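Accompanying notes for the structure given below.
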2 protein chains.
Amino acid sequence: MKPMSNARGFVLRLESFLPYRLVVAANLVSQATARTYATKYGIGIAEWRVIAQLGEFGTMTAKQIGARSHMHKTKVSRAVATLTKRKMLAKRANREDKREAFLSLSPGGLEVYESIAPSALALSQRMFGEVSAEDRAAFERVLDTVTARAAALADTAAELAD
Amino acid sequence: MKPMSNARGFVLRLESFLPYRLVVAANLVSQATARTYATKYGIGIAEWRVIAQLGEFGTMTAKQIGARSHMHKTKVSRAVATLTKRKMLAKRANREDKREAFLSLSPGGLEVYESIAPSALALSQRMFGEVSAEDRAAFERVLDTVTARAAALADTAAELAD
DNA sequence: TGACATTGGTTTCATTTGTAACTACTTTGC
DNA sequence: GCAAAGTAGTTACAAATGAAACCAATGTCA
């Protein structure tokens with residue numbers, strides 16, 4: 001199938017359009033990851049992210065989790081709710097500010113973390129293992145700048161939206 | 001906030017975990033893009049992708065669009081439906097196979113394409129413009145391998161799921 | 001020819017998601 | 001000390017989404 005050239009002779013090639021390719025790749029990664037977590041551990045991505053944050057930092061408020069993991073606060077709220085229901089989280093009230101609560105992994109949650117984390121690394125290895133160190137470094141640089149730029153753009157676009 | 005080390009002394013640092021960073025970056029890009037398209041042209045991402053494909057290739061079936069754009073067939077179906085409702089698409093029956101239909105941009109649809117495409121490029125420029133040519137090349141290489149690997153993994157995970 | 005499997009595409013249904021409204025609490029400014 | 005504004009987190013509601021059932025048409029193969 002050849003790209004046709006249209007009235008203005010202008011063609012946007014999606015195949016080489018970076019934002020598009022980035023999103024497609026991420027969707028596939030996300031899907032593969034989700035499938036693995038779901039089938040092996042019966043847990044969704046949002047839940048896993050909460051566990052991962054708490055596994056890494058020990059104790060956080062829902063707000064902190066949301067900020068660090070770039071998740072919407074309702075998503076965090078629901079993930080926390082289901083994890084609490086499954087006894088994977090410990091909630092401790094904050095005396096100084098009763099609106100928020102300190103969250104951490106329960107022994108059961110820690111167990112899940114300890115068992116998923118290595119398998120997450122293995123999965124990552126399967127996806128990025130072949131990539132050379134230089135390419136990986138470049139990849140990270142690009143991700144950094146793009147993340148920053150896109151975040152800024154998303155904000156300004158959100159303002160324009162009103 | 002320092003990462004704590006847990007029982008096994010094992011810590012997964014999400015900040016430097018590539019799949020995670022990839023997905024976060026893509027979400028931001030996707031959000032920025034969606035916001036822009038929505039506010040400026042009143043169109044969603046799925047609809048835009050259909051338009052982009054048809055703008056690039058002229059005439060395709062829904063199935064081809066789905067395959068090329070990595071979209072679920074129901075998503076394509078719905079996007080096509082709303083675009084048809086807005087008179088941006090022309091549907092032509094296939095005599096040889098009455099199940100499928102040939103889709104292409106109507107004059108109105110072409111107009112939309114012609115006006116969004118440059119602005120999409122501009123948006124991409126704003127996000128990737130600062131990236132050096134070498135880094136960009138490396139970035140594309142990594143995207144290629146990761147896309148392939150993740151697609152394979154998503155498939156096998158799907159099989160395991162049953 | 002005619003049963004059976006397959007395919008392109010749509011629709012139904014349950015789930016997921018984000019927006020907005022809300023509750024409970026805290027901070028600010030007077 | 002208190003009204004107004006702001007914040008952490010939850011909930012209600014509507015829109016988006018994917019899995020599976022479905023329909024019509026085509027292919028297969030005996």
Side-chain angles (χ1 to χ4, degrees), chain A residues 23 27-28 30-35 37-39 42-50 53 59-85 89 91-103 154-155 157-159 161-162, chain B residues 23 27-28 30-35 37-39 42-50 59-85 89 91-103 154-155 157-162:
Chain A
V23 170
N27 282 347
L28 287 168
S30 185
Q31 211 177 308
T33 316
R35 283 245 156 83
Y37 293 167
T39 58
I43 231 172
I45 291 245
E47 286 76 26
W48 160 242
R49 281 195 188 171
V50 169
Q53 295 288 343
T59 297
M60 307 170 82
T61 67
K63 166 132 220 206
Q64 289 175 315
I65 294 174
R68 277 215 153 266
S69 63
H70 294 268
M71 283 200 288
H72 196 271
K73 64 178 184 170
T74 61
K75 214 175 201 174
V76 175
S77 174
R78 293 190 249 244
V80 166
T82 74
L83 288 174
T84 307
K85 208 170 299 166
L89 255 54
K91 204 177 274 196
R92 184 165 50 80
N94 177 8
R95 277 282 175 82
E96 259 100 72
D97 187 342
K98 287 175 199 163
R99 288 171 304 183
E100 65 186 13
F102 296 125
L103 302 167
D155 282 355
E159 286 163 22
D162 306 325
Chain B
V23 169
N27 282 347
L28 287 168
S30 184
Q31 211 176 308
T33 315
R35 282 248 154 79
Y37 293 166
T39 58
I43 232 172
I45 291 244
E47 285 77 25
W48 159 243
R49 282 196 188 173
V50 169
T59 297
M60 305 169 83
T61 67
K63 167 132 217 206
Q64 288 175 316
I65 295 175
R68 276 214 155 269
S69 63
H70 293 268
M71 283 200 289
H72 197 271
K73 66 177 183 170
T74 61
K75 215 175 201 174
V76 174
S77 174
R78 293 190 250 246
V80 166
T82 75
L83 288 174
T84 307
K85 208 171 296 167
L89 256 53
K91 204 177 273 196
R92 184 165 52 80
N94 177 9
R95 277 281 175 82
E96 261 100 71
D97 187 341
K98 287 174 198 161
R99 288 172 304 184
E100 64 187 12
F102 296 126
L103 303 166
D155 282 356
E159 287 164 20
L160 284 176
D162 306 323

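If you're wondering where the values come from, they're calculated on a predicted model, not measured in any experiment. Values reported hereafter were calculated over all heavy atoms of this structure, with side chains retained and with hydrogens, waters and symmetry mates removed.
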Once you round it to whole Å, what is the distance between [atom2] of [N] and [atom1] of [X]?
X: A:Met71; N: C:dT16; atom1: CE; atom2: P; result: 15 Å
X: A:Arg92; N: D:dA8; atom1: CZ; atom2: C1'; result: 16 Å
X: A:Asn27; N: C:dT16; atom1: CG; atom2: C1'; result: 15 Å
X: B:Leu103; N: C:dG9; atom1: CG; atom2: C1'; result: 11 Å
X: A:Lys91; N: D:dA8; atom1: NZ; atom2: C1'; result: 11 Å
X: B:Glu100; N: C:dT6; atom1: CD; atom2: P; result: 19 Å
X: A:Lys73; N: D:dT10; atom1: NZ; atom2: P; result: 10 Å

Show the nearest heavy-atom pair for residues [X] and [Y], with the distance to one decimal.
X: B:Val23; Y: A:Ser30; result: CG2-CB, 4.2 Å
X: A:Ser69; Y: A:Arg49; result: O-NH1, 3.3 Å
X: B:Ala101; Y: B:Lys91; result: CB-CG, 3.8 Å

Check your understanding: Which part of the nucleic acid, if any, lies within reach of A:Lys63 when heavy atoms closer than 4.0 Å are counted: base, sugar-phosphate only, or nothing?
Key -> sugar-phosphate

Check your understanding: Just checking A:Ala101: base, sugar-phosphate only, or nothing, at a heavy-atom cut-off of under 4.0 Å?
Key -> sugar-phosphate

Point to revise | Under-4.0 Å side-chain N/O to phosphate OP1/OP2 contact, A:Ser77 with D:dT10 | key: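 For A:Ser77, the contact criterion (side-chain N or O under 4.0 Å from OP1 or OP2 of D:dT10) is met.
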
**Study point:** Presence of A:Thr61 side-chain N/O under 4.0 Å of D:dA8 phosphate oxygens OP1/OP2
**Key:** no

Sub-3.5 Å pairs of nitrogen or oxygen atoms, protein against nucleotides 24-26 of chain D:
residue, atom, partner, partner atom, Å
D:dT26, OP1, B:Lys98, N, 3.0

Measuring from [X]:[atom1] to [Y]:[atom2], what's the distance to the nearest 0.5 Å?
X: A:Gln53; Y: A:Met71; atom1: CD; atom2: CE; answer: 7.0 Å
X: A:Lys75; Y: A:Ile65; atom1: NZ; atom2: CD1; answer: 14.0 Å
X: A:Arg78; Y: A:Thr74; atom1: CZ; atom2: OG1; answer: 4.5 Å
X: A:Leu83; Y: A:Lys85; atom1: CG; atom2: NZ; answer: 10.5 Å

Review point. Listed by chain and number, what are the side-chain hydrogen bond (donor to acceptor under 3.5 Å, both in side chains) partners of A:Thr82, not counting sequence neighbours?
Key: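 With sequence neighbours excluded, A:Thr82 shows a side-chain hydrogen bond (donor to acceptor under 3.5 Å, both in side chains) to A:Glu47, given in chain and number order.
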
Detail all sub-3.5 Å separations between protein N/O atoms and N/O atoms belonging to nucleotides 2-5 of chain C.
none

**Study point:** For B:Ala34, all residues meeting side chain to side chain contact (heavy atoms under 4.5 Å, CB included), sequence neighbours excluded
**Key:** B:Ile45

Check your understanding: Partners of A:Thr61 by side chain to side chain contact (heavy atoms under 4.5 Å, CB included), sequence neighbours excluded?
Key ->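 With sequence neighbours excluded, A:Thr61 shows a side chain to side chain contact (heavy atoms under 4.5 Å, CB included) to A:Lys63, A:Gln64, A:Glu100, A:Phe102, given in chain and number order.
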
Check your understanding: Heavy atoms, side chains only, cut-off 4.5 Å: are B:Arg68 and B:Met60 in contact?
Key -> yes

Identify the pairs formed between an N or O of the protein and an N or O of nucleotides 16-19 of chain D at a distance under 3.5 Å, and give each distance.
residue, atom, partner, partner atom, Å
D:dG18, N7, B:Arg78, NH2, 2.8
D:dG18, O6, B:Arg78, NH2, 3.2
D:dA19, OP1, A:Arg35, NH2, 3.2
D:dA19, OP2, B:His72, NE2, 3.2

